[in-house]
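Shown next, in structure tokens, is the structure this report addresses.
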Amino acid sequence: MRKAFKSFKDFIEICSRIESTSSILKKQEILAGFLKTLSRDEIKPFIMLISGKIFEKEERELGIGYRSVLSVLKRGKIRPLLEEGPISMVDVYKRLVRISEIKGESSIAKKRMMLHGLYNMLSSEEREYLTRIIFGEVRIGASEGLILKSIAEAIKAPLDEVKRAYLMIGDLGETAEIALIGGRNGLKRIKMKVFNPVKPMLATQARDVKEALISAGGRAAVEFKYDGARVQVHVKDEVLRIYSRSLIDLTQSFFDLADELKGKIRAKEAIVDGEVVAFSENGKPLPFQILVRRIKRIRKLPEIAERIPVRIFLFDVLYVDGKTLIDRPYMERIRVLESIANPDILAHRIITSDLKKAEDFYERAIKLGHEGVVVKNLLAPYILGSRERTWLKVKPAETLDLVIVGAEWGHGRRKGWLSDYYLAVYDDERDKLEIVGKTFKGLTDDEFREITRRLLSLKVAEEGNT
DNA sequence: CCTGTCTGCCCC
DNA sequence: ATTCTGC
DNA sequence: GCAGAATGGGCAGACAGG
């Protein structure tokens with residue numbers, strides 16, 4: 001069957017049809033229908049454009065943002081040298097890729113020039129969509145979930161099969177390509193593979209240890225929750241790579257850790273899950289803000305690495321030597337993890353049904369400078385890319401003593417009250433108040449009246465509305 | 001060199 | 001990361 | 001309760017321009 005090439009205009013038409021449809025099922029039907037008419041080279045560009053991403057896992061960036069678009073739009077339209085036919089959907093995508101490839105001196109000007117050329121080929125409606133694509137804000141209600149459903153519908157496969165494949169490869173365009181070309185068999189062949197990072201499982205919040213322990217089944221694992229960056233470590237023979245939560249390769253940023261880990265994971269192949277934490281010389285954990293200085297740093301990385309040593313704490317394992325473990329219960333995975341990893345790179349954990357012991361463990365985590373704990377159901381499988389209630393994080397609520405240093409008269413319902421408060425924190429070292437923010441929430445009407453009265457009695461100056 | 005501006009499926 | 005909203 | 005969309009703060013790299 002021969003398929004007609006899609007113009008960018010066809011793409012826009014589908015976008016606006018989906019956007020103006022409120023029913024999710026209808027959107028899905030339109031999308032599935034369109035997917036079926038695409039030739040193989042058009043699948044990936046289409047998926048990327050409609051989800052407003054241009055790139056998925058690639059280490060590439062567009063380098064065009066708000067400022068560049070604004071400057072290009074201000075230039076207005078120029079007359080094209082040749083009257084060209086309608087631009088194809090794939091061509092628009094390729095041009096965006098080409099823009100991303102421009103680097104080095106005067107690259108910004110060149111990028112803007114190319115963008116200008118592209119805008120000039122488009123109608124005003126097409127331009128609007130292109131702008132939305134560039135900002136990653138297509139927002140027509142065709143997000144990840146709907147696209148997966150549409151792929152499933154297009155090839156008449158169960159949604160779970162498509163989802164499973166997507167979670168294993170972590171790339172929507174590739175998933176669509178495999179599904180639409182290779183069908184259900186193509187999807188089934190996809191397996192978890194080393195150096196193919198997958199989306200990590202996430203935890204939901206619990207109020208306190210008691211609530212967490214009860215909902216985790218009474219007897220549960222309690223692990224330290226570290227204040228660092230979530231990472232996935234992949235090993236095969238002598239090669240080791242470290243990926244971030246969003247599947248970015250961070251091996252370079254943590255080159256020292258990567259080296260150290262090679263001798264500490266005893267498996268031919270493995271994918272493990274953990275947290276990287278910065279430590280001070282005296283062995284105290286440092287806050288995330290310190291760690292982040294190493295992430296994606298290039299300049300003076302060795303010096304920074306020396307100054308900010310990091311440790312890793314592994315708490316799960318997804319794959320070992322050809323075996324995918326995500327469907328196995330937590331306890332079994334932990335046993336495997338303990339059998340392949342050195343004890344000094346494992347997250348601190350206890351397994352208990354005793355609330356007192358769990359709470360003591362939590363207190364100890366806080367005292368040692370960690371964020372709190374994560375309480376885990378012992379039977380829970382590892383659900384890729386999902387926020388699950390089988391993992392419950394508990395951390396202390398942030399509280400701060402603040403002083404109201406300014407207020408604005410309210411509008412509408414709050415007319416006559418001071419309702420917008422500037423808050424400051426007292427800086428001991430410099431003996432002065434530092435404004436840290438502003439709030440207008442969290443008070444009842446009576447409290448507003450009371451605060452207005454008290455603030456007026458304490459007033460030192462007034463200007464305009466403030 | 002240094003400094004300011006823009007950008008980023010950034011990290012949390 | 002958190003917060004809000006619509007389903 | 002869930003998923004999606006919107007939001008914030010801070011940080012470093014790349015480039016432009018002096």
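Hydrogens, waters and symmetry mates play no part in the numbers below; they use all other heavy atoms, side chains included. The chains referred to below are lettered A, B, ... by the order of the sequence lines, with proteins before strands, and numbering in each begins at 1.
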Side-chain donor-acceptor pair under 3.5 Å between [X] and [Y], yes or no?
| X | Y | result |
| --- | --- | --- |
| A:Asp273 | A:Tyr382 | yes |
| A:Tyr93 | A:Ser88 | no |
| A:Arg112 | A:Ser68 | yes |
| A:Glu388 | A:Ser386 | yes |
| A:Glu174 | A:Tyr166 | no |

task = For residues A:Phe313 and A:Ile345, determine if any side-chain heavy atom of one lies less than 4.5 Å from a side-chain heavy atom of the other.
result =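 With C-beta onward as the side chain, the pair stays apart.
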
Min side-chain heavy-atom separation A:Tyr119-A:Ser124 under 4.5 Å =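 No. Closest side-chain heavy atoms not under 4.5 Å.
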
Atom pairs under 3.5 Å, N or O on each side, protein against nucleotides 10-12 of chain B: can you list them with distances?
| residue | atom | partner | partner atom | Å |
| --- | --- | --- | --- | --- |
| B:dC11 | OP1 | A:Ser244 | OG | 3.4 |
| B:dC11 | OP2 | A:Ser246 | OG | 2.5 |
| B:dC12 | OP1 | A:Arg230 | N | 3.0 |

key: Residue whose closest nucleotide on DNA chain D lies nearer the 5' end, A:Ile298 versus A:Arg389   =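 On the 5' side of the pair lies A:Arg389.
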
Interatomic distance, [X] [atom1] vs [N] [atom2] [rounded to whole Å]:
| X | N | atom1 | atom2 | result |
| --- | --- | --- | --- | --- |
| A:Ile134 | B:dG8 | CD1 | P | 10 Å |
| A:Ile18 | D:dG4 | CD1 | C1' | 16 Å |
| A:Ile24 | D:dG4 | CD1 | P | 9 Å |
| A:Lys111 | B:dT5 | NZ | P | 21 Å |
| A:Ile99 | B:dT7 | CD1 | P | 13 Å |
| A:Gln28 | C:dC7 | CD | C1' | 16 Å |
| A:Glu144 | D:dA3 | CD | C1' | 11 Å |
| A:Leu159 | D:dA3 | CG | C1' | 13 Å |

task = Please state the C1' separation for the pair B:dT5 and B:dC9 - nearest whole angstrom.
result =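 So the two C1' atoms sit 22 Å from each other.
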
ask   = Residues in side-chain contact (heavy atoms from CB on, under 4.5 Å) with A:Glu177, at least two apart?
value =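 Per chain and number, A:Glu177 pairs via side-chain contact (heavy atoms from CB on, under 4.5 Å) with A:Ile43, A:Lys44, A:Ile181.
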
request  = Check the pair A:Trp391 / A:Tyr330 against ring-ring contact (aromatic ring centres under 6.0 Å, His included), numbers first and verdict last.
outcome  = CA-CA 10 Å; A:Trp391 286 11; A:Tyr330 172 85; 7.4 Å; no

inquiry  = My validator wants the stems of DNA chain D: runs of 3 or more consecutive Watson-Crick or G-U pairs, both distances under 3.5 Å, written as range with range.
reply    =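 Stems (3+ consecutive pairs) listed as B:1-8 with D:11-18, B:10-12 with D:8-10, C:1-7 with D:1-7.
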
Residue A:Gln205, side-chain heavy atoms: nucleotide from D:dA14, C:dT2, B:dT7 that is nearest =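 It is C:dT2.
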
Under 3.5 Å, which donor-acceptor pairs do the side chains of residues 368-376 of chain A form with other protein atoms, sequence neighbours left out?
| residue | atom | partner | partner atom | Å |
| --- | --- | --- | --- | --- |
| A:Glu371 | OE1 | A:Lys225 | NZ | 2.5 |
| A:Lys376 | NZ | A:Glu223 | OE1 | 2.7 |

So which protein nitrogen or oxygen atoms get under 3.5 Å of nucleotides 16-18 of chain D's nitrogens or oxygens?
| residue | atom | partner | partner atom | Å |
| --- | --- | --- | --- | --- |
| D:dA16 | OP1 | A:Ser106 | N | 3.0 |
| D:dA16 | OP1 | A:Ser107 | N | 3.1 |
| D:dA16 | OP1 | A:Ile108 | N | 3.4 |
| D:dA16 | OP2 | A:Ser106 | N | 2.6 |

Short N-O contact, A:Glu19 and A:Arg132, less than 4.0 angstrom =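 A:Arg132 and A:Glu19: salt-bridged.
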
task = Scan A:Lys395 against the nucleic acid and name what it touches under 4.0 Å (heavy atoms): base, sugar-phosphate only, or nothing.
result =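 Sugar-phosphate: the residue A:Lys395, judged by heavy atoms under 4.0 Å, touches backbone atoms but no base.
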
message = If you compare every side-chain N and O of A:Arg299 against the phosphate oxygens of D:dG13 (OP1, OP2), does one of them come in below 4.0 Å?
response =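 Checking D:dG13 against A:Arg299, a side-chain N or O does come within under 4.0 Å of OP1 or OP2.
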
message = Give me syn or anti for D:dC11, where syn covers glycosidic angles within 90 degrees of 0.
response =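 This nucleotide is in anti.
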
inquiry  = Tell me every residue that passes salt bridge (Lys or Arg N to Asp or Glu O under 4.0 Å) with A:Glu275, counting only those two or more places apart in sequence or in another chain.
reply    =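 Salt bridge (Lys or Arg N to Asp or Glu O under 4.0 Å) list for A:Glu275, sorted by chain: empty.
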
